[in-house]
Enquirer: 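Got a structure for you, written out below as structure tokens; questions coming shortly.
Everything quoted here is computed from the prediction, not taken from an experiment. Just the heavy atoms: all of them, side chains too, but no hydrogens, waters or symmetry mates, feed the values below.
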Amino acid sequence: MGNIRKVWQPEIFYHITMRGNNKQNIFKNKDDFIFFTTTLYQANNIYTITIIAYSLTNNHYHLLIRSPVIPLSEVLIFINQQYSSYFKRKYKYSDQLFETRYYTNMISDAKELLKASKYIHRNHLYTQRTILEGLANYPYSSFVFYTDKNIRKPSYINTYILDSLIKKY
């Protein structure tokens, strides 16, 4: 049976998870994380996306993303192909980098949006062997953009949406 087509609604946020093939590492060092976030920046310039939360760990990533103009599947194909090509060139890797098609969960309720962002921002705590001194110290998540307003946030990050929901609930 072929892949089931993913439903896209431009006004809805989606919690996306993408894992390395056989749970292998897809990020090996700081430069890999930087290249991935640069790819998010490029995707935003091309497709005009909104990300309100992300977390990158060694073997997978999470995005809380909305694509109001272009189907989300096209955006994710771009992101995954860009990163996969980079990884294969850099590490002379010839196998499939990602496990399968991305996992997705539509988030249409404000409380569910807050719950998903909490899960995403805390995700590295479940995968790291060492305990960090707070969520803001993890450099590969969007959490710091919510806690330190002096840090210049990338154009693809929108902190206003979650901030307004937190005040509401």
Side-chain angles (χ1 to χ4, degrees), residues 2-21 23-28 31-91 93 95-110 112-121 123-124 127 138-146 152-165:
N3 280 338
I4 297 172
R5 187 172 170 91
K6 305 272 187 188
V7 176
W8 168 65
Q9 294 180 327
E11 71 281 0
I12 299 290
F13 277 93
Y14 292 82
H15 177 182
I16 302 297
T17 305
M18 195 74 204
R19 184 177 298 150
N21 194 23
K23 298 183 181 178
Q24 73 186 23
N25 286 350
I26 58 174
F27 302 107
K28 294 187 175 194
D31 291 338
D32 297 346
F33 289 105
I34 291 170
F35 186 89
F36 188 85
T37 56
T38 301
T39 301
L40 294 179
Y41 176 79
Q42 291 171 336
N44 182 55
N45 286 341
I46 297 168
Y47 302 109
T48 313
I49 58 174
T50 301
I51 297 175
I52 58 175
Y54 74 85
S55 179
L56 314 176
T57 62
N58 288 341
N59 69 350
H60 69 283
Y61 70 79
H62 291 270
L63 301 174
L64 196 48
I65 184 173
R66 177 175 62 196
S67 179
V69 180
I70 301 296
L72 185 59
S73 60
E74 289 183 37
V75 175
L76 293 168
I77 286 170
F78 172 81
I79 291 169
N80 291 336
Q81 282 181 344
Q82 289 291 107
Y83 186 76
S84 182
S85 294
Y86 156 82
F87 187 93
K88 288 178 178 184
R89 275 191 318 271
K90 181 176 180 180
Y91 297 107
Y93 185 77
D95 203 356
Q96 180 177 321
L97 180 62
F98 295 110
E99 183 176 69
T100 184
R101 202 163 175 204
Y102 59 90
Y103 300 99
T104 183
N105 187 21
M106 293 172 66
I107 310 289
S108 57
D109 175 77
E112 289 298 312
L113 203 59
L114 288 169
K115 186 176 172 183
S117 69
K118 178 181 176 183
Y119 174 82
I120 290 169
H121 285 137
N123 186 258
H124 68 276
T127 60
Y138 188 69
Y140 310 117
S141 135
S142 56
F143 187 77
V144 70
F145 302 119
Y146 289 93
R152 186 170 172 247
K153 67 180 186 236
S155 58
Y156 57 83
I157 291 290
N158 180 322
T159 56
Y160 176 77
I161 295 169
L162 285 181
D163 280 345
S164 66
L165 290 176

Enquirer: State whether the number of non-hydrogen atoms from other residues, nucleotides or ligands found under 6.0 Å of Tyr41 atom OH is greater than 12.
Expert: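 Open: at most 12 neighbouring heavy atoms sit under 6.0 Å from OH of Tyr41.
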
Enquirer: Would you name the heavy atoms of Thr57 and Phe27 that are closest together and state the gap between them?
Expert: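 Shortest heavy-atom separation between Thr57 and Phe27 comes out as O-CD1, 2.9 Å.
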
Enquirer: Between His121 and Ser142, do the side chains contain an N or O donor and an N or O acceptor separated by less than 3.5 Å?
Expert: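 There is such a pair (donor and acceptor under 3.5 Å, judged by atom type) between the side chains of His121 and Ser142.
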
Enquirer: Looking at Lys90, I want to see if its NZ is surrounded by more than 12 non-hydrogen atoms of other residues, nucleotides or ligands under 6.0 Å.
Expert: yes

Enquirer: Roughly how far, to the nearest 0.5 Å, is the CD1 atom of Ile79 from the OG1 atom of Thr39?
Expert: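 Answer rounded to 0.5 Å: 8.0 Å.
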
Enquirer: With side-chain contact (heavy atoms from CB on, under 4.5 Å) as the criterion, how do Val144 and Tyr138 come out once you've worked through the C-alpha distance, each side chain's angles and the decisive distance to 0.1 Å?
Expert: CA-CA 8 Å; Val144 70; Tyr138 188 69; over 6 Å; no

Enquirer: For a quick test of reading the model, state the closest non-hydrogen atom pair linking Ser55 to Asn123 and the distance between them.
Expert: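 Looking at all heavy atoms of both residues, the closest pair is OG-CB, 4.2 Å.
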
Enquirer: Just so I know, are the side chains of Tyr156 and Thr37 near enough to count as touching, which here means a heavy-atom distance under 4.5 Å?
Expert: yes

Enquirer: Under the side-chain contact (heavy atoms from CB on, under 4.5 Å) criterion, do Tyr93 and Gln24 qualify, and how do the steps go?
Expert: CA-CA 12 Å; Tyr93 185 77; Gln24 73 186 23; 2.8 Å; yes

Enquirer: Might you point out which heavy atoms bring Gln42 and Gln82 nearest each other, and give the distance in Å?
Expert: OE1-NE2, 3.7 Å

Enquirer: Does any part of the side chain of Tyr119, heavy atoms only, come nearer than 4.5 Å to the side chain of His62, both counted from C-beta?
Expert: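 Side-chain contact under 4.5 Å: yes.
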
Enquirer: Using 30° and 60° as the class boundaries, would you call the ring planes of Phe98 and Tyr61 parallel, tilted or perpendicular?
Expert: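 Ring orientation, 0 to 90° scale: perpendicular.
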
Enquirer: Check the angle between the aromatic planes of Tyr47 and Phe78 and answer parallel, tilted or perpendicular using the 30° and 60° thresholds.
Expert: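 Perpendicular.
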
Enquirer: Under a 4.5 Å cut-off applied to non-hydrogen side-chain atoms, are Leu56 and Asp32 in contact?
Expert: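 With C-beta onward as the side chain, the pair stays apart.
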
Enquirer: Just wondering, do Tyr14 and Ser67 contact through their side chains at under 4.5 Å, heavy atoms?
Expert: no

Enquirer: Measuring from Asn45:CG to Leu40:CG, what's the distance to the nearest 0.5 Å?
Expert: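 Reported value, rounded in 0.5 Å steps: 11.5 Å.
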
Enquirer: Determine the minimum heavy-atom distance between Lys153 and Thr159, stating which atoms define it.
Expert: NZ-OG1, 3.3 Å

Enquirer: Carefully, step by step, assess Tyr86 and Leu97 under the rule side-chain contact (heavy atoms from CB on, under 4.5 Å).
Expert: CA-CA 11 Å; Tyr86 156 82; Leu97 180 62; over 6 Å; no

Enquirer: Kindly indicate whether the side chain of Tyr102, heavy atoms from C-beta on, has any atom under 4.5 Å from the side chain of Leu63.
Expert: no

Enquirer: side-chain hydrogen bond (donor to acceptor under 3.5 Å, both in side chains) with Glu99: which residues, sequence neighbours excluded?
Expert: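 By the side-chain hydrogen bond (donor to acceptor under 3.5 Å, both in side chains) rule, Glu99 matches Tyr103.
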
Enquirer: Tell me, please, which residues at least two apart from Gln81 pass side-chain contact (heavy atoms from CB on, under 4.5 Å).
Expert: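 Gln81: side-chain contact (heavy atoms from CB on, under 4.5 Å) contacts with Ile77.
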
Enquirer: Drop me the distance from Phe13's CZ to Thr50's OG1, to the nearest 0.5 angstrom.
Expert: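 So the gap between those two atoms works out to 5.5 Å.
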
Enquirer: Short question: side chain of Tyr91, backbone of Lys28 - any donor-acceptor pair under 3.5 Å?
Expert: no

Enquirer: Check the pair Tyr140 / His124 against side-chain contact (heavy atoms from CB on, under 4.5 Å), numbers first and verdict last.
Expert: CA-CA 9 Å; Tyr140 310 117; His124 68 276; over 6 Å; no

Enquirer: Taking only residues two or more places apart in sequence or in another chain, which ones pass side-chain hydrogen bond (donor to acceptor under 3.5 Å, both in side chains) with Asn44?
Expert: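 Scan of Asn44 (side-chain hydrogen bond (donor to acceptor under 3.5 Å, both in side chains), adjacent residues dropped) gives Ser155.
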
Enquirer: Drop me the distance from Ile49's CD1 to Ile157's CD1, to the nearest 0.5 angstrom.
Expert: 9.0 Å

Enquirer: Quick check on the 6.0 Å ring-centre criterion: do Phe33 and Phe36 meet it?
Expert: no

Enquirer: Glu112 and Ile107: which non-hydrogen atoms are nearest, and at how many Å?
Expert: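 Closest heavy-atom pair between Glu112 and Ile107: C-CG2, 3.6 Å.
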
Enquirer: Just verifying a value: how many Å separate Leu64 CG and Ile120 CD1, rounded to the nearest 0.5 Å?
Expert: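 It is 4.5 Å, given to the nearest 0.5 Å.
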
Enquirer: So how far is it from Leu76 CG to Ile70 CD1, rounded to the nearest 0.5 Å?
Expert: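 Rounded to the nearest 0.5 Å, the CG-CD1 separation comes to 13.0 Å.
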
Enquirer: Do Asp95 and Lys88 have side chains that get closer than 4.5 Å, going by heavy atoms?
Expert: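 No, too far: nothing below the 4.5 Å cut-off.
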
Enquirer: Using every non-hydrogen atom in the two residues, find where Asn158 and Ile52 come nearest and quote the distance to one decimal.
Expert: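 Heavy atoms of Asn158 and Ile52 come nearest at O-CG2, 3.3 Å.
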
